[in-house]
Protein chains: 2
Amino acid sequence: MAGEMTDSGVPRVVAIAWGAHAAPQRGPSRGLSHEKIVKQAIEIADEHGLGAVTMQRVAESLGFTTMSLYRYVANKEELLLLMSGADWLLPPRRKSGDDWRENLRTWVAELQSMYRQHPWLLEVQRGPVSVLLPGTMEVVDRGMEAVRALELSEQEIISLVLVISSYVASFSNLERDLADQEDLEFGPDAMAELGEVITAERLPYAAPFFLAGNYAGGPVLEDESGVDTEYEFGLELLIEGLAARQAAGPRD
Amino acid sequence: MAGEMTDSGVPRVVAIAWGAHAAPQRGPSRGLSHEKIVKQAIEIADEHGLGAVTMQRVAESLGFTTMSLYRYVANKEELLLLMSGADWLLPPRRKSGDDWRENLRTWVAELQSMYRQHPWLLEVQRGPVSVLLPGTMEVVDRGMEAVRALELSEQEIISLVLVISSYVASFSNLERDLADQEDLEFGPDAMAELGEVITAERLPYAAPFFLAGNYAGGPVLEDESGVDTEYEFGLELLIEGLAARQAAGPRD
DNA sequence: ACCTGAACACCGTTCAAGT
DNA sequence: ACCTGAACACCGTTCAAGT
C-alpha cells in the first residue's frame, strides 16, 4: 500500500515529488513529464473537481493516450499523492515576525487560502508518505517557524502544528461541503412535516432550536461567508488556551 | 444537487431517513426495504471500506439485482447520505451530568468511538441535507446538552458544537489515514538520499528536526495509539480556552 | 525508453419489460 | 408497486506491440 520503493529505500513517489527521480532519458521523449502531468491534473481538479480527474482526461487534455501516463506514475493513487504534495499550491513564503499570535494567524490564513483555491486537497487520502512530500513539509516548516517564540518542547511544537492544521483542514472541509449545495429553505408545509419527527422528546435541545427556525438555513449558517464565525470562535479558543498554558509555565 | 423534494418541500432523502416515507406498499413486496439496504451497505463499508460499497455488491449480498435498489434510492449519493445519517451508529445516550468539562469529554469520546467503528463516515460528502438527518441531529443535540451549563448564547453554543465536532472529525481522519498504511522506516541510504533534497536552507525548521530522526516514523507518531498526544493537547487547549472565556464573563 | 491499441473486469444508471 | 435483464457510457489497469 505504501507503493514501490527506490533502491535506497525511499518511496518512489517521494523521490519523484522532490525531483530526485530525474528521468533517465535514454530513448526519445515526446514531451511528457511528471511535472506536466501533475500540473494538468491539478488544473482539472481546480476547475472541475477531483471527480473529473481521470487518467483518460488528464492524458487526452495533454494530447497523449491514457496509457502514456503509466510510464510516469505507477497508478492513479500515486498521481493523487503527487498532486496533494505539490509545494507550488502554497502562497509564497513571507517573513515571519516576533508576535506568535500574529504569525499563527498568518500561517493559518495561508493554509485556508490554499484549501479554498484547491478544495480537492481535502479529499485526497493522507498517510505517512504524504508527510514526506514537499508541500506538506513546507506547511510544517512554516508552522514551526510561526510558533518558534513559544516555550514548547519539540514534541509539543509538532503537536501544535498538527492540531492547528487539522483544525483548519476540518473547517475548510465544512466550508466546502456547505458551498457545494444550495441552501435549503423550508415553507410552512415542510416545517410541519419535519416537526412530526423532529420532536422535543427525541431531541430536547436541538429540536426547539430547529423548530424556531434557527438551525439549517437560519442565521447560524447564513452569515457572510458560511462558517467564519464558528471558525474564528474556535481559533480564538485555541490561541487563548495556548496563552493560558504559556502563562502557567512549563508542566509535568 | 440537493436531490428530489417531497410534496411538502422536504428533501426526499430526509423524509426517508426519518421513516416518514412509509413505503406506499400496494403491489407485492419481495422483502427489500430502505432499512435493509442501508444496514447492508453500512456492514460492507465497516468491513471492506467505502470503496467496496457498490450498488452491485449491496444488491447481490441481499440476494437481489442491482437495479432493485433504484426503487428505494434515487442514486448512489442518496444511499451514502442515508448511511452517514443513520442514528444507530452512535453509542446509546447516557445521562448527562453537571460538570461541563466532563460532559464535553464524554460527548467527544462518543464521537471518536463512532468514527473509529465507522471510519468511512469521514469520507462521505456532507452538506445542508446531512445536517437534517437523524444521526447528525442526535450528535448536535447531545453536544448542546453537554455544554448547557455554560453561559453562552445559542449562536455560541452552535458554534462550539460545530468547532468541537469538526476538531474530533479532523483528528479521527488523521488517525485513520495513519492507520491505513504501515509506518515507514528509513535506513542510512534512504536518509542520505532524502538529506539531499530536505535541506536546512529549504526547510530551516522542519529539516533539522526530520534529519534528527524525529519526524515521520520517529517518536512523534509512534506513541501507543498514533496521534493521541496531539489530540489531547488540542482538546485541552480548546477546553482551557473556553474556561478562560467563561472566567472573563460575557463579551461585546 | 517512450508511447500506442486492443482487451478486460469493473463502475453507475437508462430504459423497456415482466409479475 | 416491485423486481429483472439487456444495454450504454464510462472507469482503472494489463499486456503485447510498435518506434
Side-chain angles (χ1 to χ4, degrees), chain A residues 1 3-4 6 12-13 15-16 21-38 40-41 44-45 48-83 120 123-125, chain B residues 1 3-4 6 12-13 15-16 21-38 40-41 44-45 48-83 120 123-125:
Chain A
M1 259 298 166
E4 286 304 302
T6 208
R12 213 182 82 93
V13 64
I16 294 173
H21 215 236
Q25 203 78 344
R26 194 89 59 87
S29 165
R30 272 86 158 193
L32 216 42
S33 69
H34 286 115
E35 203 190 330
K36 277 191 183 172
I37 293 172
V38 174
Q40 188 68 28
I44 294 172
H48 305 100
L50 197 62
V53 177
T54 67
M55 299 304 269
Q56 346 223 8
R57 185 153 179 180
V58 173
E60 267 165 35
S61 67
L62 284 165
F64 289 85
T65 344
T66 308
M67 288 312 106
S68 62
L69 302 188
Y70 285 91
R71 186 129 302 260
Y72 296 86
V73 129
N75 47 42
K76 192 180 177 182
E77 192 194 341
E78 216 176 84
L79 175 56
L80 295 182
L81 276 175
L82 289 174
M83 291 168 66
W120 50 267
E123 293 176 59
V124 179
Q125 186 88 341
Chain B
M1 260 300 167
E4 287 305 302
T6 208
R12 214 182 81 90
V13 64
I16 293 173
H21 216 236
Q25 203 78 342
R26 193 89 59 87
S29 166
R30 272 86 158 192
L32 217 41
S33 69
H34 286 114
E35 203 191 328
K36 277 191 183 170
I37 293 171
V38 174
Q40 187 68 28
I44 293 173
H48 306 99
L50 198 61
V53 177
T54 68
M55 299 304 268
Q56 345 223 9
R57 183 153 180 180
V58 173
E60 268 165 34
S61 66
L62 284 166
F64 290 85
T65 344
T66 309
M67 288 312 105
S68 63
L69 302 187
Y70 285 91
R71 188 130 300 262
Y72 296 85
V73 128
N75 47 43
K76 191 180 178 180
E77 192 194 341
E78 218 177 81
L79 175 55
L80 295 183
L81 276 174
L82 289 174
M83 291 169 66
W120 49 267
E123 292 176 60
V124 178
Q125 186 88 341

J.: In the structure I gave you, are the side-chain heavy atoms of I44(A) and R57(A) within less than 4.5 Å of one another anywhere?
T.: yes
J.: For I37(A), does its backbone N or O pair with a side-chain atom of Y72(A) as donor and acceptor, under 3.5 Å?
T.: no
J.: Can you figure out which of dT13(D), dC3(D), dG5(D) approaches the side chain of M67(B) most closely?
T.: dG5(D)
J.: On DNA chain D, does the nearest nucleotide to N75(A) precede the nearest nucleotide to S33(B) from the 5' side, or the other way round? Give the residue.
T.: S33(B)
J.: Keeping the roles fixed (side chain from K76(B), backbone from M55(B)), state whether a donor-acceptor pair exists under 3.5 Å.
T.: no
J.: Given dC3(C), dC3(D), dT13(D), identify the nucleotide with an atom nearest to the side chain of Y72(A).
T.: dC3(C)
J.: Separation of H34(A) atom NE2 from dA1(C) atom P, in whole Å?
T.: 14 Å
J.: Who does dT19(C) pair with, Watson-Crick or G-U, both distances under 3.5 Å?
T.: dA1(D)
J.: Is the phosphate of dT13(D) approached by Y70(A) (side-chain N or O, under 4.0 Å from OP1 or OP2)?
T.: yes
J.: With sugar-phosphate meaning primed atoms plus P, OP1 and OP2, does G31(B) contact a base, only sugar-phosphate, or nothing at under 4.0 Å between heavy atoms?
T.: sugar-phosphate
J.: Taking 4.0 Å as the cut-off, does a side-chain nitrogen or oxygen of Q56(B) come that near to OP1 or OP2 on dC10(C)?
T.: no
J.: Let's test this: given Watson-Crick or G-U wobble pairing with both distances under 3.5 Å, identify the partner of dC11(C).
T.: none
J.: Donor-acceptor pair, distance only, cut-off 3.5 Å: does the side chain of S33(B) make one with the backbone of K36(B)?
T.: yes
J.: CZ of R71(B) versus P of dT13(C): gap in Å, rounded?
T.: 16 Å
J.: Just how far, in rounded Å, is C1' of dC3(D) from CG of L62(B)?
T.: 14 Å
J.: Mind calculating the distance between CD (E60(A)) and P (dC3(C)) to the nearest angstrom?
T.: 16 Å
J.: Starting at atom NE2 of H48(A), determine the distance to atom C1' of dC10(D), rounded to an integer number of angstrom.
T.: 17 Å
J.: Can you check whether S68(B)'s main-chain N or O pairs, donor with acceptor, with T65(B)'s side chain at less than 3.5 Å?
T.: no
J.: Quickly work out the M55(B) CE to dA9(D) C1' distance and round it to whole Å.
T.: 17 Å
J.: Rounded to the nearest Å, what distance is computed from the CG atom of residue L69(A) to the P atom of nucleotide dC2(C)?
T.: 14 Å
J.: For S68(B), answer base if it contacts any base atom (sugar-phosphate contacts may also be present), sugar-phosphate if it contacts only those atoms, and nothing otherwise; contact means non-hydrogen atoms under 4.0 Å.
T.: base
J.: Out of dT13(C), dT13(D), dA1(D), which has the shortest distance to the side chain of K76(A)?
T.: dT13(D)
J.: Quick one: which of dG12(C), dT13(C), dT4(D) gets closest to the side chain of T65(B)?
T.: dT4(D)
